Amino acid sequence: MAKFLSRYFNAVFGLSILVVIGLVALFAPHIAPYEADRIFAGPRLSPPSAAYPFGTDALGRDMFSRVVHGARLTAYVGTIALVIGLGAGAVVGLAAGYSRTWLRGFLMRVIDLLYSFPGLLIALALVAFIGPSLENAMIAVGISTIPFFARVTYSVVIVERAKPYFDSGRVIGAGSLRLMVFYLLPNVLPALIVVGSLGFSTAILAAAGLSFLGLGAQPPAPEWGALLADGRSYMTNAPWLMIFPGLSIFLVVLAFNLVGDAMSEHFDPRQRWKR
Amino acid sequence: MTQAVLEVRGIVKHFQTRGGAIARAVNGVSFDLAKGETLGLIGESGCGKSTLARVLARLDTPDTGEVLLDGNDIGRIGNRAMKPIRRRIQMIFQDAVSSLNPRATAGAAVAEPLKLHRVVPRNKVKDRVAELFEAVGLPVGLMSRYPHEMSGGQCQRLSIARAISLDPDIIIADEAVSALDVSIKAQVINLLMDVQTRLGLSYVFITHDMALVGVLSHRIAVMYLGRFVEVGDADAIIRRPMHPYSQALIAASPIPDPDRPRTQALPIKGELPSPIKPPSGCTFHPRCPLAQARCKSEVPELRTTGEARQVACHFA
Amino acid sequence: MGQVFETHNVAAHDQVLKAVDLSVSFQSGNSNAVAVDHVSFGVARGEMLALVGESGCGKSTAALALLGLLRSPPARVEGRILLAGRSILGLPPADLQQIRGKSIAMIFQQPMTSLNPVLTIERQLTESTMAHESITRSEAISRARDALELVGISSPETRLRQYPHQLSGGMRQRVMIAMAMACRPSVLVADEPTTALDVTMQAQILSLIKGLKRDFGVATILITHDLGVVAENADRVAVMYAGRIVEQAGTSELFRAPAHPYTRGLIAAVPRLDGVPIGSAQTRRLQEIPGSVPQAGPSVPGCPFAPRCPLASDRCRSMRPMEVAIAPEHLVSCWEYAA
């Protein structure tokens, strides 16, 4: 057990953070002393204290309660964005990698085109088009990550498709759908799980970024990016308004990256060998 | 000779390389394969034998030429029409472990073709899988193993089980035993020959190992740069090769007998030229000890010389 | 299992490189895998010894151990390795570095992966000579040119300026041999040097190695799984199975009178061109050895071949057979031959 811990310390550490944050999100109403948007729960702009561990904001809202409730929103944002990005990206990448006809060229050129714009720019444009809201921000972030996931999926599928087991499936007469779902998909899944866990943190960061710009979560929703944005005006005299949401984002992103790295090492035998 | 089950007529398959050059992998190959017969296809890497195998197994389509199965051309038919024909032509690959889906158990790998083609009713699939395991000498207990948990020999047995589950007429074996250890190789070769006798299969057995091809084929085709240079009865070719290339291949094959008097090998120079820029005339002429001026300009036809032997050489 | 088996080889005192009671094990977690299990062999000047066996029998590991190329840990090398009478096992890395290339050189199965893809042939050939001997760059280059000529590469001037990917497989293997021979080593270890090559190229490379052995008296260890290659090239053979040498003899003696059941099975299992039943329809059958090649694991108490052996008795399963000489220079580890 000690050996396991030392070997997978990063992964275990990351996973513990995720579990804690997950539990916080799940039991937010029970953990938070106040509702997220209860104004004048305490004095205005009071620094962290025993009663208000993360301090209070300009409206006297308890920051601890807001951050705790915000964990739910963050988990929600990350999940939905990931499902959209990874789901659509995997389908496009799988189809493009499988196909040997014009479809491959077409899909990949479209992906390349989208990939040549920064993801956040695409998300910004989309939100500008469909209107700012937390839901739209999630969708926009999700869509903006499709090219990335499609590219990753495509590159793995190309490798798997060239292996003899794929031909062996064709020889016994497996159809396109079967080849994609039973042959290629299970074999690209490990790679997708890895990039997915890294992508989760990207999505959270992007959504926080949009909220920070006022294009995502709208006040008074306690999404962490939005909290950062709200705290900005008080940065000098009430730094805790930015410190705690910022720290939360940092921790989640770090945790996902640690877990993602550990998984990519685990799935890549060459990396495992190095140990 | 009995009725040919597979007739191959003038197969040509060229590839475009990344630089835009044309690689003439297969350049006009014709042969017949009789029921129950093994055709050993021998040649060095890059001679086009694996491309030919892929065309025969319909993993690739030929540029021109026909692959006639019972007289019907299957060379260019669509995937849907191909599905029932897949049952009749199966293929076994060189790398046994990686030719099995890493995420499918051994049992599932054999059950898959049975279900796909409804070979047996659904409730009989399990029994049939067990029968097939037994037929290839695999313990039934391995059914829940994944390919990477099995040895190379076991994986190749599994591939054979998978191939014969569809009760095919023809199996294309592309270097099917080359990667196996000596003691395991003999087991798998014996299994292939047993299966052939039992099921009346025809094999196209592709290898670079002359001794192996001599043991298990009825006829041998020697391939060089996309063409057959000599075709004939296995025994006759091994004992009396007529094409200088066949002679060189046989002379270069090591024989595990140190006391054997060394046959004076024909000096074969250099290496297989690139199929992108094949030499003019007879493509073997730059390496051939017998080459004359004529060989540089004139392509020798594969012509019949005597009893069931075809040779493509001006001097044979 | 700490028994020491002395070689009964009469030529043993002439041997340039000698492994005595060599063992290699790999420790990983709680499991200990014995890859090489108390083997003794040696090779004399101008002699070619073939280490033959199937995958995982320890033949390559033994060779890597000879050159001090195994990382330790996880590898644990025990026994004695003598180069010209001097023990080289456990020497500091810098000394081993000096010995490798200068006294012992090695060529590998995959010439592409052993050559540096971003350096020209010239750089790779001059590097080791300049590292081991105090010579000028131009001397090193002219040496490199000679080395390429030595291994039968025509137009060495052109080849020197090329990169590995511009050469064919056979050419790369020749370059590897040229590199290995650059400092005129006394021992050459060739690990499956022709396995990745076609037969016509294999014949060319093997005759090149044989020529070097003859002309320069290089003691050569040829590691291979191909009995045909052994028969046509080696002077002596050591057959390995599951980390042990089960039989050692002169090549002609070994093929004429194989003694160990494994050796006999192996020779019988090889399809051969001069074999009697060629193409005789459905009566052809190869001799097979039942069972499968064992995985590396802890050392077994008895004979490792016992589970596959037709002659195995209880004694074979429980006690390790002694190495006995059944003829001059013919050693067998099998209870059948124990007195």
Side-chain angles (χ1 to χ4, degrees), chain B residues 36 43-47 151-154 179-191 193-194 196-197 208-220 233-239 245 248-260 262 265 268-272 274 287, chain C residues 52-57 168-171 194 196-204 206 225-235 237 250-256 262 265-275 277-282 284-293 295 308:
Chain B
E44 295 179 289
S45 51
C47 74
S151 69
Q154 287 171 334
L180 300 176
D181 275 312
V182 181
S183 68
I184 306 303
K185 196 188 272 192
Q187 296 174 1
V188 174
I189 293 169
N190 283 343
L191 171 63
M193 294 199 284
D194 288 349
Q196 177 170 46
T197 323
H208 63 276
D209 184 340
M210 199 62 167
L212 182 58
V213 100
V215 168
L216 55 67
S217 359
H218 301 93
R219 279 195 308 144
I220 290 177
D233 281 342
D235 214 23
I237 288 197
I238 298 279
R239 286 180 204 281
Y245 180 62
L249 273 185
I250 289 173
S253 301
I255 292 177
D257 181 0
D259 301 328
R260 179 182 64 106
R262 297 267 174 264
I268 173 165
K269 301 163 284 187
E271 301 180 45
L272 194 71
S274 155
R287 303 174 73 187
Chain C
V52 63
E54 299 178 286
S55 58
C57 73
S168 69
M171 199 71 85
T194 58
L197 303 175
D198 283 311
V199 280
T200 54
M201 192 47 59
Q202 164 169 291
Q204 294 176 24
L206 287 171
H225 66 278
D226 189 329
L227 286 172
V229 166
V230 172
E232 300 204 339
N233 297 281
D235 301 304
V237 189
T251 306
S252 133
E253 161 93 4
L254 186 99
F255 281 89
R256 198 177 53 240
Y262 176 63
L266 211 53
I267 292 174
V270 181
R272 43 199 292 173
L273 268 179
D274 60 345
I278 282 181
S280 49
Q282 305 299 344
R284 310 151 293 169
R285 248 189 112 77
L286 292 172
Q287 282 288 320
E288 38 181 277
I289 302 175
S292 54
V293 182
Q295 304 278 312
R308 301 174 74 185

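Reminder, nothing fancy here: chain letters follow the sequence lines and each chain counts from 1. None of these values were measured; they are calculated from a predicted model.
Closest of all the heavy-atom pairs between C:Gln287 and B:Ala186 is O-CB, 3.3 Å. Between C:Glu54 and B:Val182, the closest heavy-atom pair is OE2-N, 3.4 Å. Minimum interatomic distance between C:Pro271 and B:Val215 (heavy atoms only, all atoms of both residues): CB-CG2, 3.5 Å. In terms of heavy atoms, B:Ser183 sits closest to C:Arg308 at OG-NH2, 2.9 Å. The two atoms that bring B:Ile184 and C:Ser292 nearest to each other are CD1-CA, 3.8 Å, heavy atoms only. Here the closest non-hydrogen pair linking C:Thr200 and B:Ala252 is CA-CB, 4.0 Å.
Annotation: maximal heavy-atom pairing with chain B below 4.5 Å, among C:Ala268, C:Gly265, C:Gly291, occurs at C:Gly291. Chain B forms more heavy-atom pairs under 4.5 Å with one residue of C:Ala269, C:Ser168, C:Ser252 than with any other, namely C:Ser252.
Contact of the B:Met210 side chain with the C:Val199 side chain is not registered, since no non-hydrogen atoms from C-beta on lie closer than 4.5 Å.
Both the backbone and the side chain of B:Ile250 come within less than 4.5 Å of a heavy atom in chain C. For C:Gln204, the part lying under 4.5 angstrom from a heavy atom of chain B is the side chain only. For C:Ala203, the part lying near chain B is the side chain, with the backbone staying farther off; criterion is any non-hydrogen pair under 4.5 Å. Residue B:Ile189 touches chain C through its side chain alone, counting heavy-atom pairs closer than 4.5 Å. When heavy atoms are compared at a cutoff of 4.5 Å, B:Asp194 approaches chain C solely by way of its side chain, counted from C-beta outward.
Residues that satisfy the side-chain contact (heavy atoms from CB on, under 4.5 Å) test with B:Ser151, not counting sequence neighbours, are B:Gln154. Partners of C:Asp198 according to the salt bridge (Lys or Arg N to Asp or Glu O under 4.0 Å) rule, which considers only residues two or more places apart in sequence or in another chain, do not exist here.
Considering CG of B:Leu180 and NE2 of C:His225, their distance stands at 10.5 Å, rounded to 0.5 Å. How far CG of C:Leu227 is from CG of B:Asp257: 11.5 Å, rounded to the nearest 0.5 Å. Residue C:Leu286 holds its CG atom at 5.0 Å from CE of B:Met193, rounded to the nearest 0.5 Å. Note that the NZ atom of B:Lys185 and the CD1 atom of C:Ile289 stand 13.0 Å from one another [nearest 0.5 Å].
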